[in-house]
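Remarks on the structure that follows.
Atom set for the values below is all heavy atoms of this structure, side chains included, hydrogens, waters and symmetry mates excluded. Both counts, for ligands and for their atoms, begin at 1 and track the order of listing.
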Amino acid sequence: MEKYVIKGGTPLVGEVEIGGAKNAALPILAAATMTDETVYIDNMPDEADTNVMLSAMANIGVIVERTGRHSVKINASQVSDYRIENEYIKKIRASYYMIGAFLGKYKKASVVIPGGCNIGLRPIDQHIKGFSALGATVTIEHGMINAFADSLNASHIYLDIASVGATINIMMAASMAEGKTIIENAAKEPHVVDLANFLNSMGADIKGAGTDVIRIKGVEKLHGTEYTIIPDQIEAGTFMMAAAATKGDVTIKNVIPKHLESISAKLIEMGCQVLESDDAVRVVATKRMRNVHVKTLPYPGYPTDMQPQITVVLGLASGISLVTESLFENRFKYVDELTRMGGNIKVEGSTAIIEGVDKYTGAEVSAPDLRAGAALVIAGLTAEGFTTVEDIRYIERGYEDFDMKLRELGAQIEKIDSDRDLQKFKLKFA
Ligand code: UD1
């Protein structure tokens with residue numbers, strides 16, 4: 001099994017280029033099947049999740065052609081099945097975006113119930129509520145979600161929770177419903193806006209994405225388009241935290257600084273310097289961070305997907321910090337691993353109480369999920385001695401070339417798959 005081995009203690013210095021946003025790419029791929037015309041997508045991240053989605057699409061007859069590492073050409077005119085149950089697709093949560101896409105286009109869809117990161121209960125009641133409001137009959141049988149409608153009709157939908165997934169799914173289906181749908185208490189995340197822009201470039205009529213109220217005037221047909229996916233907010237934020245944790249100086253390029261404001265604000269509060277330019281942020285950390293309190297919230301609040309990374313940084317800050325997770329109840333599983341590296345963190349309910357220590361010490365840890373895995377790598381980069389991070393398949397779901405990008409910033413990290421490689425690494429960096 002592949003793992004990362006890290007020799008900690010080197011400040012990250014240099015420049016890193018951020019790729020396309022995974023959480024925008026996944027719904028955009030689903031939405032690309034809503035037209036029979038060809039769609040060209042650029043800045044597509046080459047990660048496990050997006051690749052699984054592409055292979056599941058190919059399995060049902062969508063013509064998928066990689067025109068470059070980060071560009072793909074999609075034509076869904078030959079779709080042969082509305083049932084998606086590819087053995088891998090269960091592992092990615094976003095597979096359920098095919099329901100919104102197919103329900104909109106074909107008025108029927110059947111998709112295996114999604115998995116995704118095990119970070120707590122992840123109900124889909126708001127998705128179902130939205131589809132039902134548009135006139136679909138939705139059933140869950142034999143592990144599949146089935147949705148069908150004779151016709152989809154616009155509706156006024158109030159989400160009980162500003163769910164990213166439900167907003168996206170309803171937006172797709174409503175794009176091809178009859179009449180004007182209004183989604184209230186809609187999610188405002190950058191990837192919701194990116195999907196709306198993508199759909200609009202295919203001829204949809206969506207207004208208000210990025211605010212609480214999205215208005216969607218259904219159209220009969222969508223057409224082909226060429227589109228470039230936005231940069232990944234969370235990949236960028238992860239490198240910002242890695243720079244801070246290692247007391248480095250990193251310029252994170254190809255980002256939208258506005259999407260990073262809640263992260264930059266916390267880093268500044270902690271005593272880092274964050275310098276913004278048009279499409280880059282530079283994080284400079286020279287001294288020990290100060291404690292801060294953080295509560296995860298929907299956008300524009302501090303993102304839950306950046307919670308483990310900031311906890312790792314605060315684990316080294318002076319004073320006591322409180323990190324409250326308000327979206328997913330099971331998102332502190334990495335804390336045990338961090339404790340094994342010398343962290344002094346207690347979790348009470350949905351809050352982590354962090355008493356900063358002077359240093360982490362290298363240990364063997366495993367990634368419990370995608371973002372927590374990245375956070376443990378950051379801890380390893382700062383730690384005294386050697387750290388191995390197992391189960392890196394989670395990390396590779398959502399970070400392209402993570403180890404390579406870190407190496408280019410001076411990190412001593414390698415991906416290994418044998419004890420021999422481990423010994424070689426230890427000799428090299430002893
Ligand atoms: C998406 C992101 C994930 C991120 C999360 C919050 C993707 C592929 N994943 O996940 O990385 O952590 O947004 O920014 O984009 N909820 C319900 N009922 C529903 C739907 C959600 O109760 O029908 C609850 C969830 O349990 C959670 C909260 O709403 O507590 C937010 O979930 P949601 O915004 O839907 O997250 P995802 O779309 O699953």
Side-chain angles (χ1 to χ4, degrees), residues 20-31 45 47-50 52-53 89-101 111 113-133 138 140 145 147 157-173 183 185-196 198 212 229-230 232-235 237-238 259 262-263 295-310 324-332 350 368-375 394-395 397-399:
K22 166 181 92 76
N23 288 350
L26 293 164
I28 284 174
L29 286 176
E47 298 157 346
D49 273 17
T50 44
V52 166
M53 187 78 173
I89 197 88
K90 276 190 231 151
K91 297 190 183 139
I92 62 165
R93 182 141 190 91
S95 52
Y96 62 18
Y97 291 147
M98 293 308 297
I99 309 175
V111 176
I113 302 233
C117 270
N118 179 15
I119 52 179
L121 282 176
R122 299 181 82 170
I124 52 168
D125 55 304
Q126 299 303 305
H127 303 238
I128 295 175
K129 172 171 148 173
F131 295 145
S132 307
V138 186
I140 299 188
I145 311 171
I157 301 164
Y158 292 83
L159 292 180
D160 299 331
I161 282 184
S163 155
V164 171
T167 303
I168 283 176
N169 243 335
I170 298 167
M171 206 158 73
M172 285 195 283
I183 310 176
N185 194 25
K188 296 180 282 206
E189 269 64 5
H191 36 294
V192 171
V193 179
D194 209 33
L195 174 69
F198 174 72
D212 296 314
I229 293 172
I230 51 164
D232 198 307
Q233 174 203 26
I234 306 300
E235 186 194 15
T238 302
H259 294 167
S262 63
I263 302 162
K295 184 172 182 185
T296 63
L297 287 169
Y299 189 82
Y302 187 87
T304 171
D305 284 357
M306 285 298 304
Q307 181 261 97
Q309 301 89 319
I310 199 166
T324 303
E325 172 56 57
S326 60
L327 279 100
F328 296 107
E329 69 277 10
N330 204 6
R331 223 173 177 172
F332 284 121
S350 57
D369 60 65
L370 165 61
R371 305 303 172 186
Y394 288 116
I395 302 173
R397 286 183 40 190
Y399 291 91

Ligand 1 versus [X], non-hydrogen atoms closer than 4.0 Å: side chain, backbone, both, neither?
X: Val164; result: both
X: His127; result: both
X: Arg331; result: side chain
X: Asp305; result: side chain
X: Leu327; result: both

Item to check | Spacing of CD1 belonging to Ile157 relative to OG belonging to Ser132, to within rounding of 0.5 Å | outcome: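 Reported value, rounded in 0.5 Å steps: 9.5 Å.
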
[Y] and [X], any side-chain heavy atoms less than 4.5 Å apart:
X: Gln126; Y: Phe131; result: no
X: Glu189; Y: Ile168; result: no
X: Pro303; Y: Ile263; result: yes
X: Glu235; Y: Tyr399; result: yes

Next on the checklist: Going by side-chain hydrogen bond (donor to acceptor under 3.5 Å, both in side chains), name the pairs with one or both residues in residues 163-173, residues two or more places apart or in two chains.
Outcome noted: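 Only His127-Asn169 qualify under side-chain hydrogen bond (donor to acceptor under 3.5 Å, both in side chains).
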
Checklist entry - Is a side-chain donor or acceptor of Thr296 paired with a backbone partner of Ser326 at a separation under 3.5 angstrom? => result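 Flag set: sc Thr296 to bb Ser326 pair under 3.5 Å.
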
Does any N or O atom in [X] lie less than 3.5 angstrom from one in ligand 1, N or O only?
X: Ala94; result: no
X: Asn23; result: yes
X: Phe328; result: no
X: Ser163; result: yes
X: Leu26; result: no

Checklist entry - Is it true that Lys22 and Asp305 have a side-chain N and a carboxylate O under 4.0 angstrom from each other? => result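 The answer is no: the pair does not qualify as a salt bridge.
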
Checklist entry - Any ion pair linking Asp160 and Lys129 (charged N to carboxylate O, less than 4.0 Å)? => result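 Here Lys129 pairs with Asp160 in a salt bridge, since their nearest N and O are under 4.0 Å apart.
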
Provide the number and element of each atom of ligand 1 under 4.0 Å from a heavy atom of [X].
X: Thr304; result: 6 (C), 12 (O), 14 (O)
X: Gln126; result: 18 (N), 19 (C), 23 (O)
X: Tyr96; result: 38 (O), 39 (O)
X: Gly165; result: 35 (O), 38 (O)

Item to check | ring pair (Phe, Tyr, Trp, His ring centres under 6.0 Å) partners for Phe198, two or more places apart | outcome: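 Applying ring pair (Phe, Tyr, Trp, His ring centres under 6.0 Å) to Phe198 gives Tyr227.
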
Checklist entry - Is the closest heavy-atom distance from Pro123 to ligand 1 below 4.0 Å? => result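 Yes; Pro123 lies near enough to ligand 1 that a heavy-atom distance drops under 4.0 Å.
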
